[in-house]
There are 2 protein chains.
Amino acid sequence: MRPTVHDIAAAAGVSLATVDRVLNQRPGVRHVTREKVENAIREIGYIRDVAAANLAKGRTYPLVFILPASDNSFMHGLNNEVRAAAARSSVERTDIRTLEVPAFDPAALVKVLDELSEQRPSGIALVATDAPEVREAVDRLVKDGIPVVTLVSDLTGSQRHHYAGVDNIAAGRTAARLLGRFLGGAKGEIAVLAGSMLVRDHRERLEGFVAVTAEEFPSLSILPVIEGRDDPEMAHMLVADALSKKSGIIGVYSLGAGNRGLIRALKEKAVDRSLTVIAHELTAHTRAALLDGTIDAILNQDAGHEVRSAIRVLKAKADGLPVIAAQERIRLDIFLKDNLP
Amino acid sequence: MRPTVHDIAAAAGVSLATVDRVLNQRPGVRHVTREKVENAIREIGYIRDVAAANLAKGRTYPLVFILPASDNSFMHGLNNEVRAAAARSSVERTDIRTLEVPAFDPAALVKVLDELSEQRPSGIALVATDAPEVREAVDRLVKDGIPVVTLVSDLTGSQRHHYAGVDNIAAGRTAARLLGRFLGGAKGEIAVLAGSMLVRDHRERLEGFVAVTAEEFPSLSILPVIEGRDDPEMAHMLVADALSKKSGIIGVYSLGAGNRGLIRALKEKAVDRSLTVIAHELTAHTRAALLDGTIDAILNQDAGHEVRSAIRVLKAKADGLPVIAAQERIRLDIFLKDNLP
DNA sequence: CCAAATCTGATGTACGTAAATCAAAATTTG
DNA sequence: CAAATTTTGATTTACGTACATCAGATTTGG
């Protein structure tokens, strides 16, 4: 049988009330007594029954998700997953609130973060915009003892407790190797479509992609990055233009959102050419394009896993509990035609 | 606030005791009264607080994992993950026992399953051997109300509640497409190394592999399957032999275990040839081979996820709770050099 | 219509922890 | 050394559910 608070009291030779004071760091316990209790806890290997504790406390975990107000499939999907998690709130004792902030706007994000520090939620998950002032705001929250996890896009150098997202450098490298291998040593140009070089995840994907292409596939040359702002219309225009002008393009890497426009451009301009195309994020559009052969592979991060992982980690941190690292690692999904979910 | 049993009692105009009798399907409630209570439950949207219920019951979930006594890295890994889960037992209220049965031995498996039906554990997870008598034994357990999930290898046609493993046909198809694309239209022979055609997962992988190769890469011809019994020594011998005799081999698909032997054979016999190799299961050996270029891609199923998923599902089924389907889907990991964990 | 059988209500205890109250003991301070 | 202060103990209630007991009510069969 698992030891209880009573066992601690007996082992330490103190009363239940004192054990409670120590466990919940309430004042009114002499240093020596506190140590006696702490030793007893260690010796008998007591683990707090979180379920019982939460029941007694009537505890819920107020969590806040801060998402960018971007109008693309991926962010919609992410939003849906947060909503789905919120629907499970009563069972999971969470109370999830979503805040939308303008995309690519560090100041707005900082403002929201600072306001949250007043309300002291049990935890905060945010899609980070990579800027020094955001880093500082996050560090302030962490210093205040509020668990913070970054979602999808990390904030390197900050004190955030955890990052629930994929390794974007690895993603870019993987894309490069897939593209290189699929092209089988052919010589030609590669077009790269990104959202914006101002977001860290896109920069990292590009970095990885360029590195592996240069190292291992020297016959491929990467054209200057096309920045489509994750906007289908813009992506369509820019890609169509590039395909018209450059006849040497044999491959495309789309590392951001706005793939709807890319796919349209490919269908218009490249029916006769056999381009090899790798894109990010599995959506209805990219899925169809993968199935009809317009796209050759899709790299994906599972928004549902990211959201659930963020919640698990935030709850664990709020309770000072350990997390299962392997479980919280967000994997890069590689989809070919054959292994679509 | 979330409704409680008291709210049901008030809403239905009955006593707490009657509500309890209905909720826990105890006898002594007239049909009309039962319906009144059930309606109230539905109307106020009552959800049982599982944590409180488990606390009151002092409930633990005795779970049994039945694993084949195979001496390969994957099964060792699976075993370790079960042990790791068992170590978390006190926190998760589980009581996990592992039973080892001889591999590929339906009779032994059936015997164990039938014995378990006496002990009535909260749930059973098994690596299924594909045979009619096993199917029947599983169906008997399910009929008895014991939750059963298959692990790694499914038991199609049985009544098992869930399968915690990858889609092996999709895995085979994916391997074929990767291999075909990596080979870029070259003409030649493909060697396939399997454990045994008596296990369903291997059969399915082969089936998927053959289908896609035939459909989409007609320039590749698949040699008769080499059955290495998941044994490194045997695999080494057979593969070395094949490589010596067949100079037309340009690719290898290893769909089972025993990759240690395969890798050794490749290093001995194919240093001068540029073979494209795809293997299953990420182990220390295959990882090293991927990094040094001996293997080009690894398809993997994450044993840790499979075990944790099986536990979650078994607990949920034992409580009659729903599962998050997307969360329990075991994904096929594709590893290249660049996205290794 | 009455006894027997069946159903329902009222009540109390338990699970492991949190949190509060009040009394008693120990310690510190003047 | 007494008073003030701090520390500790004892006890109670609560969280939401499970489960048992016993008394009272209702229904059923003869």
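These numbers were taken from a predicted model, which means no experiment stands behind them. A, B, ... follow the sequence lines: proteins, then strands. Residue 1 opens every chain.
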ask   = Between the main-chain N or O of B:Gly304 and the side-chain N or O of B:Asp302, is there a donor-acceptor pair closer than 3.5 Å?
value = yes

ask   = Does the side-chain contact (heavy atoms from CB on, under 4.5 Å) test come out yes or no for B:Val152 and B:Glu306, once each step is laid out?
value = CA-CA 8 Å; B:Val152 178; B:Glu306 293 178 328; 3.4 Å; yes

request  = List in chain and number order the residues that pass salt bridge (Lys or Arg N to Asp or Glu O under 4.0 Å) with A:Arg26, two or more places apart in sequence or in another chain; answer none if no residue qualifies.
outcome  = A:Asp20

query = Partners of A:Gln327 by side chain to side chain donor-acceptor pair (under 3.5 Å), sequence neighbours excluded?
reply = B:Arg312

request  = Go through the structure and list residues passing side chain to side chain donor-acceptor pair (under 3.5 Å) with A:Arg2, not counting sequence neighbours.
outcome  = none

ask   = Closer than 4.0 Å, any side-chain N/O of B:Ser15 to the OP1 or OP2 of C:dT8?
value = no

ask   = Counting only non-hydrogen atoms, which of residues 312-323 of chain B are less than 4.0 Å from DNA chain C?
value = none

remark   = Hits for salt bridge (Lys or Arg N to Asp or Glu O under 4.0 Å) against A:Asp154, two or more places apart or cross-chain, chain-then-number order -> A:Arg160

When the side chains of residues 3-19 of chain B are checked against the rest of the protein, which donor-acceptor pairs come out under 3.5 Å, sequence neighbours left out?
unit_1, atom_1, unit_2, atom_2, d
B:Thr4, OG1, B:His6, N, 3.1
B:Asp7, OD2, B:Thr4, N, 2.8
B:Ser15, OG, B:Ala17, N, 3.3
B:Ser15, OG, B:Thr18, N, 3.4
B:Ser15, OG, B:Thr18, OG1, 3.4

For nucleotides 16-23 of chain C, tabulate all protein N/O to nucleotide N/O atom pairs closer than 3.5 Å, reporting atom names and distance.
unit_1, atom_1, unit_2, atom_2, d
C:dG16, N2, A:Ala52, O, 3.3
C:dT17, OP1, A:Tyr46, OH, 2.7
C:dT17, OP1, A:Asp49, N, 3.3
C:dT17, OP2, A:Val5, N, 2.9
C:dA18, OP1, A:Asn24, OD1, 3.4
C:dA18, OP1, A:Arg48, NE, 2.7
C:dA18, OP1, A:Arg48, NH2, 3.2
C:dA18, OP2, A:Asn24, ND2, 3.3
C:dA19, OP2, A:Arg26, NH1, 3.1

request  = Mind checking salt bridge (Lys or Arg N to Asp or Glu O under 4.0 Å) for A:Asp319 and listing every partner two or more places apart, or none if nothing turns up?
outcome  = A:Arg59

remark   = Per side chain to side chain contact (heavy atoms under 4.5 Å, CB included), B:Lys317 is matched among B:Val313, B:Leu321, B:Leu314 by B:Val313

task = Take atom CG of B:Asp7 and atom P of D:dC15, then tell me their distance rounded to the nearest Å.
result = 12 Å

query = Bend across the helix from C:dC1-D:dG30 to C:dG30-D:dC1, to 10°, with axes taken over 5 pairs at each end?
reply = 20°

Residues which pass side chain to side chain donor-acceptor pair (under 3.5 Å) with A:Glu35, listed by chain and number, not counting sequence neighbours = none

key: Along DNA chain C (nearest heavy atom to each residue), the more 5'-positioned of B:Val19 and B:Gly58   = B:Val19

query = Residues in salt bridge (Lys or Arg N to Asp or Glu O under 4.0 Å) with A:Arg140, at least two apart?
reply = A:Asp114

task = Kindly give the heavy-atom pair with the smallest separation between B:Tyr61 and B:Glu92, and that separation in Å.
result = CD1-O, 4.4 Å

request  = Go through residues 30-44 of chain B and report each residue with a non-hydrogen atom lying under 4.0 Å from DNA chain C, sorted by number.
outcome  = B:Arg30, B:Thr33

message = Here's a test for you: under side chain to side chain contact (heavy atoms under 4.5 Å, CB included), which of B:Val110, B:Leu109, B:Leu113 qualifies with B:Glu133?
response = B:Val110

